[in-house]
Amino acid sequence: MSYDFEFKQLLRAYRGGIISQSTFESEMAWLEAGAPTNGNGNGGAGFKAFGRTYKNERAAVVSFLDKVRVGEAGGGEAFAAWAEVCTTDCIRTGIRIVAEREAYHSRVFAQRLAELGGEARAMASEAGRKATAYLGDPSIPDNEKLLDFTKRVGKPEDAIKPICEFAALLKEDLSTKEALRLFAEDELSTAKWIWDSCAALNAPKQNTSASASASSSM
């Protein structure tokens, strides 16, 4: 990669407020010395996140934003499809709120990706399309969809842990860091609500099964 390109990238990041003056100066010193820059002022050691090493913090953020904007857009479509066929009155509006949350997360992250000069490369996955088809299937009861979600996502606190850990790593991109804090809170709220709804809608069925088992053993 040419010196001019690296310099322009650093200058753009500095002028855009993505990196501080001290980091800019540190990276320039490494660039002028012929060493690769890493966006964190640690002399080319790279930025580690999600089990891999990125060139720098910005590269990790751009990769994350690109993937999450697609994932959240898919989530918005999936929950919107569910809301259209939901037959359980007490959760229908909640499902619509979740769909809107997912959709606006995608829009905000797409905007942030553009602000950083990143390219929208990630595409919707086959798993995402299957999730939309599953949640939009009117023949599958709502309580079963809730059970499936809790099994796939896991406990709410565990589900948001990777987001919180990544946000904690960010030292230069404070805008994305704060956005991720709010994102994590939204995801936690959604997951908790779904877990509570799942428990409420499946409890009568579980109790009935337990009573039937007890009666048959007498």
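Predicted, not measured: the structure shown is a model, and the values here were computed from it.
- Of the charged side-chain nitrogens involved, none lies within less than 4.0 Å of a carboxylate oxygen, so that K155 and E157 do not count as a salt-bridged pair.
- A donor-acceptor pair under 3.5 Å links the side-chain atoms of E57 to the main chain of K171, judged by distance alone.
- Annotation: R129, atom CZ; neighbour count of heavy atoms from other residues, nucleotides and ligands within 6.0 Å is above 12.
- S197 contributes a side-chain N or O that, together with a main-chain N or O of W193, makes up a donor-acceptor pair within less than 3.5 Å.
- The backbone N or O of L147 lies less than 3.5 Å from a partner atom in the side chain of T150, making a donor-acceptor pair.
- Other residues, nucleotides and ligands contribute at most 12 non-hydrogen atoms within 6.0 Å of the CD atom of E84.
- D173 and R112 get closest at one heavy-atom pair: OD1-NH2, 2.7 Å.
- Here the side chain of R69 pairs a donor or acceptor atom with the backbone of A122 at under 3.5 angstrom.
- Following chains of ILVMFWY side-chain contacts shorter than 4.5 Å, one can reach Y134 starting from I91, so the two form part of one hydrophobic cluster.
- Using a 4.0 Å cut-off between a side-chain N of Lys or Arg and a carboxylate O of Asp or Glu, K145 and D148 do not qualify as a salt bridge.
- Proximity of F166 to T176: side-chain heavy atoms (C-beta onward) are nowhere separated by under 4.5 Å.
- The shortest distance between side-chain heavy atoms of S106 and E102 does not fall below 4.5 Å.
- Between the side chain of T190 and the backbone N or O of D186 there is at least one donor-acceptor pair closer than 3.5 Å.
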